[in-house]
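Right, one structure below, let's go through it.
Computed over heavy atoms, backbone and side chain alike; hydrogens, waters and symmetry mates excluded.
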Amino acid sequence: VETICPSGKLKHPSVLLCFQDWNRTWQTHNPDLTPCFQNTVLVWIPCLYLWLFAPLYILYLKRNDHGYICMTHLNRAKTAIGFTLWLICWADVFYSFWERSHGATIAPVYLVSPTMLGVTMLLATFLIQYERMKGVQSSGVMLNFWLITIVCATVTFRSKILHALNEPASVNVFKYTTFYIYYTMLLISLILACLSDQPPLFSQAVRDSNPCPESGIYNIFLHFVKALVITNAARRTSTVGEIVNLMSVDAQRFMDLITYINMIWSAPLQVILALYFLWQNLGPSVLAGVAVMVLMVPLNAVIAMKTKTYQVAQMKSKDNRIKLMNEVLNGIKVLKLYAWELAFKDKVSDIRESELRVLKKTAYLGAVSTFTWVCAPFLVALSTFAVYVLVDEHNILDAQKAFVSLALFNILRFPLNMLPMVISSMVQASVSMKRLRVFLSHEELDEDNVERPAISSCDVSFSLFRINVHIPEGAFVAVVGHVGSGKSSLLSALLGEMQKQEGSVSIKGSVAYVPQQAWIQNATLKDNILFGRDGKDSWYQKVVEACALLPDLEILPGGDSTEIGEKGVNLSGGQKQRVSVARAVYCNCAVYLLDDPLSAVDAHVGKHIFEKIIGPQGLLQGRTRVLVTHGLSFLPQADLILVMVDGEITEMGSYTELLGRQGAFAEFLHTYTNTEQEEVEESVGGEAGRFIAELLSCFHASVLSYKKPCMNTQYNEVKLSVFWEYMKAIGLPLSIFSIFLFFCHHLSSLGSNYWLSLWTDDPVINNTQPNREMRLGVYGALGISQGNLRDIQIVVLFCYSVAVSVGGILASRYLHQTMLYNILRSPMSFFERTPSGNLVNRFAKETDTIDSVIPSIIKMFMGSMFNVLGSCAVILIATPLVAIIIPPLGLFYFFVQRFYVASSRQLKRLESVSRSPVYTHFNETLLGTSVIRAFGEQQRFITESDGRVDHNQTAYFPSIVANRWLAVRLEFVGNLIVTSAALFAVMARDSLSPGIMGLSISYALQVTASLNWLVRMSSELETSIVAVEKVKEYGDTEKEAEWRLEHSTLPAGWPTAGHIEIHNFGLRYREDLELAISDISVNIEGAEKVGIVGRTGAGKSSLTLGLFRIIEAAQGEIHIDGVNIAELGLHELRSRITIIPQDPVLFSGSLRMNLDPFDGYTDEEVWRALELAHLKNFVSGLPDKLNHECSEGGENLSLGQRQLVCLARALLRKTKILVLDEATAAVDLETDNLIQSTIRTQFEDCTVLTIAHRLNTIMDYTRVLVLDKGQMAEFDSPSNLIAKKGIFYKMAKDSGLV
């Protein structure tokens, strides 16, 4: 080839001969193409084909997305071979360079063709992956490419075999070997291209029931879609906290990796090029440096493996912590009422400590890794220089050799420093990938659980295990049964929420669902009712009126445009349920599944809703209605009644049929008919409006007090006080010590390089340098001290890396503990106006930033700052004239830096602020998945989530653009400094020694990278320290009174009698609002049973909130046994009185933990409480008994069972005062009767205050307190109040009790 295509000497005839040699191709018995033709045309043809078609093909794939194909073995093989082909091409290029350096004349074609082919192979590999992302199972374009390539390569393959047989002496072994490997790989690629990949996911054409988890890489928020389709059993294994963690932390890991992913190939390439040029400069001595680098690889491999193990453990602890925090935030009211904050604070802290222990181990490993990689360039330089000068005394280390080599070693420094970071990112991303894989592999609900026939009557029919029912079109079906009998499970089966074992469920027409616990969105009241449907004013007005919501709309500040808080915090329980019913009615569906929606509302409101909506004359007449109910008064109007016992339908028929059979239903009815007999003559008609019009002043107050939190983006820069707080959190001695170590390290680094410059200036005598051993020893000593300051033995000092990492962990522990304590000390009003997404974000993302990001950024910031200062000092000492250019450049740099940092900081804040709504919406969606699925609104919620994510990304993307903007300007500053240093060095060449000049320019070459990194790190530090600012801001929010007073004089057994004296008591929800309740004065004797009643929102719950000091008194006092409760610590008060709340809240953990989180009672006492709460048989039947694991929110227990667990808690505490806040609203009449009898017997000597919906439960109480519009209206015995014929009499009459 040298004679055919020599570089620069080609005459025109020869060029033609190169491509076409007639004697060789035609006039011979064994024809062959010329080497030049083979190395140009045959190589370029497939390359041109792919580069021509690739843009059009990519455009086509972009517009024709068929979904994802998960990473299969076939795809992995294709990708691996593509990369191998690329490596082979690069090997040929580098070999040609090596030949050239040894004096061989290499034609340009040997450099151009392999380069072109290598880039093409990289493009082919990219297309393979892009096809997979776009759901292409087999590709004609790629098949043709591999076919053309193999045909062209076959000609060369034959030619090389002939050449090897005829002229074995002239065979280039390396190039022949690489070509044969290349040809084999091409054959395999062609075979693989003929095979079809598996069907794509999320394709309209192909439905895959179980998506491949690895597609999570390409759509980080894919698990939002997954969360909407996983089964309830799977939901219990992945709690809300864990799923939020996947979104906040694991998704971020991939974004972090993408930033550095190109370093995977560019870092090794930079290392290879630097070593090649070092070989040119120092010869074989460079192999000593390579040996040092090779020795470090296995060490770092071991570190990476250990880091991965620790990463898995840390993420597991983080999941558990976020899960627990999520539950604490959701159940904060219960924690405060029971005074359980400290127990749960300790539980969170224990998990946090285990997380920090793992973080500390990771920090030590990271320190060793940093030490090895940062020392690597120096050790490579030391070993190379040592071998170079010691191997031959005539090898002279002059300025040219030393500083050119030093510049190359500094080039080595960047990729070697970046590699551990990239490896660490890859390790973290692989852990996150596995976690995503587990979640995305969860079992999904089978859409075939419920058949939806296209043509049939609009009816419901199903046959599950021992259940066979046919519900005709338009029928009204009531489902009755005791707590835990399977009523809600029956509706879940109809919705397809349960796994079908056998038989079939068939529903014709659209379905609307009202759950037992109302699910309310953080949106306006109107949006909650419309639920994505088009607005029809006349129908909307009918629905609102029928659901008795008109009086509520008059009270709301913005009418139906009022923003409803998260989980409906500014609505009462009854109002939430009525909004939930209105949502279902407005949707105008064929089938309505109503899971006991009337239990949360007062009897008269329930009657109104039944008559206006559910009953035979209601808005839903003619629709199929399945109503789970405990209200006996509705049963006579049902077309069909299903009686359920232990998950089976024991009786079925109309009201009269079931009564006639004299079975279990008839017996049940006779038992309870007296307690809820209704006076049919009394028409509710026009009274409903009056009943509901008397709505809560306290509700009015809470609505006004709820404000949608504004997005506080704080346009000011980060205050120095935030950095000072962080330093104090680390500990000032450790902070100062770390800075001192940094200074020492960079000083010794500077010293070793200055010593090298003096060494190069040593005179050369007889072709040798006389003091080389001394120079080498001192250089090594200075370098070793530089290394040792990074890795000083534990006995002497911590290495600076460990100091910063450990300091970061200490700060993280302190900040997390402080935030946790401050949040738990916050009053209920704080939680009502702060979205839980914001708080979860603080405990997830911001805490992760403080844990992992800030310490590493501080290390890099300090390193970059000292590098820049050191470089400027060296340049100024060597060439003082540079002082002319540095000030204006410094000024320019300062303005660029401030402009960039300010923009970057704000972008980071905007990104953080727009991230919280993503979590809030996700959290909200997870809590309402059954409702969303029932209404078929999954796509709308996915679109909404995508919109929020896109909004978040609009703040994230400009920060990347800002990085590029900065890089261009800093390159300009850096290049000017290099130019100035070189120019002034040349101008002062007569007075400068070569060593100092080399030192100055080698440092100037580093300035660009150091400046770039310094600005980036200063920006990262400012934006990351915002996490500390956000965590600290909860220290300044309002707090409750002290939990315990230091010098408490409270007797041990207080209260002993339970005597409650309320004098002129009033409270308000916010300073600027009217009193919610006022002027209440009552005297309740010990052991007295007092019922508290009133219309919806008369202030009943407000009174109990005042008793527990959830809201502090605005006027008057409450005395218990003569002690003013305002003078007690909150825990002293709340732990001595007991409440059974309206919403039964359970936490994930054992049943025993839910009853006794402080472990203050024996197992015998716990079993006794369960027995009295009628749960002993149920718990005894569980495999783990008291250690039975309750799922998040106690979802694996029915609502009634959860209420009984709350009763068991009260029985266990057995305090002298018991408050029941509508505690039996969600249970059937029999269970209600059991609870009431238990309370009468077990709390006989206790004072009992009961807020009652069902008046029959308090008719035998000592006295009844009637509240109206926040004031005391009546207070006397039930019989006297009925005789007075006042408010209580009317309520009793409406309930059919008189």
Side-chain angles (χ1 to χ4, degrees), residues 235-236 239-241 322-345 347-348 483-484 488 515-520 565-569 571-573 576-577 596 599-600 823-824 826-828 830-832 836 839-840 923-924 926-928 1101 1104-1105 1108 1110 1134-1135 1137-1158 1169-1170 1173 1175 1188-1213 1218-1227 1235 1251:
R235 260 297 304 279
R236 285 197 282 274
T239 60
V240 174
I322 300 299
K323 168 184 155 187
L324 185 56
M325 272 315 304
N326 207 50
E327 290 189 70
V328 165
L329 294 171
N330 286 337
I332 190 71
K333 189 173 182 180
V334 170
L335 289 192
K336 289 190 176 298
L337 289 169
Y338 285 124
W340 280 358
E341 295 104 322
L342 284 172
F344 279 82
K345 177 177 174 282
K347 284 170 76 70
V348 174
V483 166
S488 296
Q516 197 167 9
Q517 283 186 300
W519 173 69
I520 303 294
E566 253 190 295
K567 303 188 191 79
V569 291
L571 295 180
S572 71
K576 283 192 273 191
Q577 197 60 275
D596 201 14
S599 64
I823 283 176
L824 291 176
S826 299
M828 275 308 300
F830 167 79
F831 296 98
E832 285 167 2
S836 62
L839 296 173
V840 171
N923 211 337
E924 185 177 83
L926 285 174
L927 294 171
S1101 293
T1104 58
L1105 294 178
F1108 282 84
I1110 296 293
R1134 292 170 185 170
S1135 62
I1137 56 178
T1138 304
I1139 186 168
I1140 303 179
Q1142 186 175 3
D1143 297 321
V1145 175
L1146 267 64
F1147 302 94
S1148 60
S1150 69
L1151 192 60
R1152 198 190 194 295
M1153 185 281 293
N1154 271 288
L1155 292 167
D1156 175 27
F1158 289 102
L1170 287 172
L1175 278 172
H1188 172 70
E1189 197 68 23
C1190 296
S1191 63
E1192 191 173 12
E1195 285 180 4
N1196 54 351
L1197 299 178
S1198 75
L1199 194 63
Q1201 286 167 334
R1202 278 179 259 164
Q1203 198 63 275
L1204 292 175
V1205 170
C1206 292
L1207 174 63
R1209 282 176 187 161
L1211 290 160
L1212 204 54
R1213 283 162 72 118
L1218 173 67
V1219 179
L1220 280 81
D1221 187 359
E1222 298 173 355
T1224 57
V1227 296
I1235 292 173
I1251 294 173

Report task. Determine the minimum heavy-atom distance between V1145 and G331, stating which atoms define it. Result -> CG1-CA, 4.0 Å

Requested in this report: Of all the heavy-atom pairs spanning K345 and L824, show the shortest one and how long it is.
Outcome: CB-CD1, 3.6 Å

Measure from the side-chain N and O atoms of [X] to the backbone N and O of [Y], and report whether any donor-acceptor pair falls under 3.5 Å.
X: N330; Y: N326; answer: yes
X: R1213; Y: Y338; answer: yes
X: W519; Y: E924; answer: yes
X: E327; Y: S1148; answer: yes

Query raised in the report: So M828 and I332, side chain to side chain contact (heavy atoms under 4.5 Å, CB included) or not? Walk me through it.
Result: CA-CA 8 Å; M828 275 308 300; I332 190 71; 3.8 Å; yes

Could you give the distance from [atom1] ([X]) to [atom2] ([Y]), rounded to the nearest 0.5 Å?
X: C1190; Y: N1154; atom1: SG; atom2: CG; value: 4.5 Å
X: I823; Y: E341; atom1: CD1; atom2: CD; value: 13.0 Å
X: L1155; Y: C1206; atom1: CG; atom2: SG; value: 9.0 Å

Requested in this report: Decide side chain to side chain contact (heavy atoms under 4.5 Å, CB included) for L335 and F1147; before the verdict, give the C-alpha distance in whole Å, the side-chain angles of both, and the deciding distance to 0.1 Å.
Outcome: CA-CA 10 Å; L335 289 192; F1147 302 94; 3.6 Å; yes

**Report entry** Chi angles and distances behind the side chain to side chain contact (heavy atoms under 4.5 Å, CB included) call for T1104, L337
**Finding:** CA-CA 10 Å; T1104 58; L337 289 169; over 6 Å; no

Query raised in the report: So with a 6.0 Å cut-off around NZ of K336, is the heavy-atom count from everything else above 12?
Result: yes

Query raised in the report: Yes or no on side chain to side chain contact (heavy atoms under 4.5 Å, CB included) for I1140 and R1209, after CA distance, side-chain angles and deciding distance?
Result: CA-CA 8 Å; I1140 303 179; R1209 282 176 187 161; over 6 Å; no

